[in-house]
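As structure tokens, the structure follows; a few thoughts come after it.
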2 protein chains.
Amino acid sequence: MMTPATAVDALAALAQETRLKVFRLLVTAGPTGLAAGDVGAQLGIPANTLSFHLKALAQAGMVTSRQEGRFVIYAANYAVMDDLIAFLTDNCCQGAACLPQTQQVATITKRRTRSLA
Amino acid sequence: MMTPATAVDALAALAQETRLKVFRLLVTAGPTGLAAGDVGAQLGIPANTLSFHLKALAQAGMVTSRQEGRFVIYAANYAVMDDLIAFLTDNCCQGAACLPQTQQVATITKRRTRSLA
DNA sequence: TTGATATTTCCAGAAACATGGAATCATTAT
DNA sequence: ATAATGATTCCATGTTTCTGGAAATATCAA
């Protein structure tokens, strides 16, 4: 379960243009991940600046990293992303209906308590 | 649809301990909302500091406000919350399965394309 | 109008954050 | 060992954010 403090850290990690771009790129890249240099090349970010932001994302748990030869491969941490969404969703609507749009949507938590056929 | 810039604003609004507390309180308070003073009393936040954070939440669209006599009533904006979650979920897993946990969970977008029985 | 209550704005100081040049560290190839 | 490449750290600078005291604004009551 995600604590409020952890949620603030995760939200803060994503609440920055460069980091959100990086994270989304890693999300699209899939579990295999991307080398830091590839991320920088695709987004046009200087290596030191990118390193700074990757570190922030990693410290918040939003990405993982592994050394692979000369490269450091970063990958989105889908589990933490999922936990963050669950945290936000848990506290939305509280079982009651807030809005039609939201009403027809079960929260992740609620869905987790069900089995999907 | 939420743009990346809007998402950054929404995330930044929530990525602060006091504001996340305030927002969650408003979420639990429901669509009726709460007067600024009630929020401050329940969370022990000075009026001017609270006003600063409520303004930030409102500018990011996370809460709405309406004047009611001497009071200003704030309420969570569930629609924007929902959009933010949709934005984050849309870019997670991209139809592919990232993790068992996430795999068994349909994203909001995916659910929106279905009708719920 | 005068007074009380609710909220916001103004302001200044402190702290945290973002950026990129230069130097450093790590790994591989020759 | 030397060189080359990929990535990180160090550092200085500029910017933004957070905080709360004091003053201002808004609404209602007497």
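Of the candidates A:Leu50, A:Asp38, A:Val63, A:Val39, A:Val63 is the only one forming a side-chain contact (heavy atoms from CB on, under 4.5 Å) with A:Tyr74.
Atom-to-atom, CD of B:Gln59 to P of D:dT17 comes out at 10 Å; the value is rounded to the nearest Å. The CZ-P distance, from B:Arg66 to C:dA6, rounds to 17 Å in whole Å. Atom CG in B:Leu43 sits about 13 Å away from atom P in D:dG20, given to the nearest Å. Look at CG on B:Leu50: it is 13 Å from C1' on D:dT19, rounded to the nearest Å. Between the CD atom of A:Glu17 and the P atom of C:dT19 there is a distance of 8 Å, rounded to whole Å. Between A:Leu34 atom CG and D:dA7 atom P there is a gap of 11 Å when expressed in whole angstrom units. Rounded to an integer number of Å, the gap from B:Asp9 CG to D:dT17 C1' is 14 Å. In this structure, CD of A:Gln16 is placed 12 Å from C1' of D:dT16, rounded to the nearest angstrom.
A donor-acceptor distance shorter than 3.5 angstrom exists from the side chain of B:Asn77 to the backbone of B:Gly61, with no hydrogens or angles considered. A side-chain donor-acceptor contact under 3.5 Å links B:Tyr78 to the backbone of B:Val27. With hydrogens and angles ignored, the 3.5 Å screen pairs no side-chain donor or acceptor of B:Gln42 with any backbone N or O of B:Gly44. Between the side chain of B:Glu68 and the backbone N or O of B:Arg70 there is no donor-acceptor pair closer than 3.5 Å. Of the possible polar contacts, one joining the A:Arg19 side chain to the A:Ala12 backbone as a donor-acceptor pair under 3.5 Å is found.
In the set C:dT7, C:dA18, D:dG20, D:dG20 carries the atom at the smallest distance from any side-chain atom of B:Thr49. Taking every side-chain heavy atom of A:Val72 into account, D:dA7 is the closest of D:dC18, D:dA7, C:dT7.
Nucleic acid contact class of A:Ala47 (heavy atoms, under 4.0 Å, all strands): base.
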Using a cutoff of under 3.5 Å, can you pull out all pairs of nitrogen or oxygen atoms linking the protein to nucleotides 21-30 of chain C, with atom names and distances?
from	atom 1	to	atom 2	distance (Å)
C:dG21	N7	A:Asn48	ND2	2.5
C:dG21	O6	A:Asn48	ND2	2.9

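Phosphate proximity of C:dA6 to B:Tyr74: absent, as no side-chain N or O sits under 4.0 Å from OP1 or OP2.
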Apply side-chain contact (heavy atoms from CB on, under 4.5 Å) to A:His53 and A:Thr49, showing your working.
CA-CA 6 Å; A:His53 288 300; A:Thr49 299; 3.8 Å; yes
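For the segment residues 51-58 of chain B, residues with any heavy atom less than 4.0 angstrom from an atom of DNA chain C are, sorted by number, B:Ser51, B:Lys55.
For the atom pair CG of B:Leu11 and CD of A:Glu17, the computed distance is 12.5 Å after rounding to the nearest 0.5 Å.
Both A:Leu25 and A:Met62 belong to a common hydrophobic cluster when Ile, Leu, Val, Met, Phe, Trp and Tyr are linked at side-chain heavy-atom distances under 4.5 angstrom.
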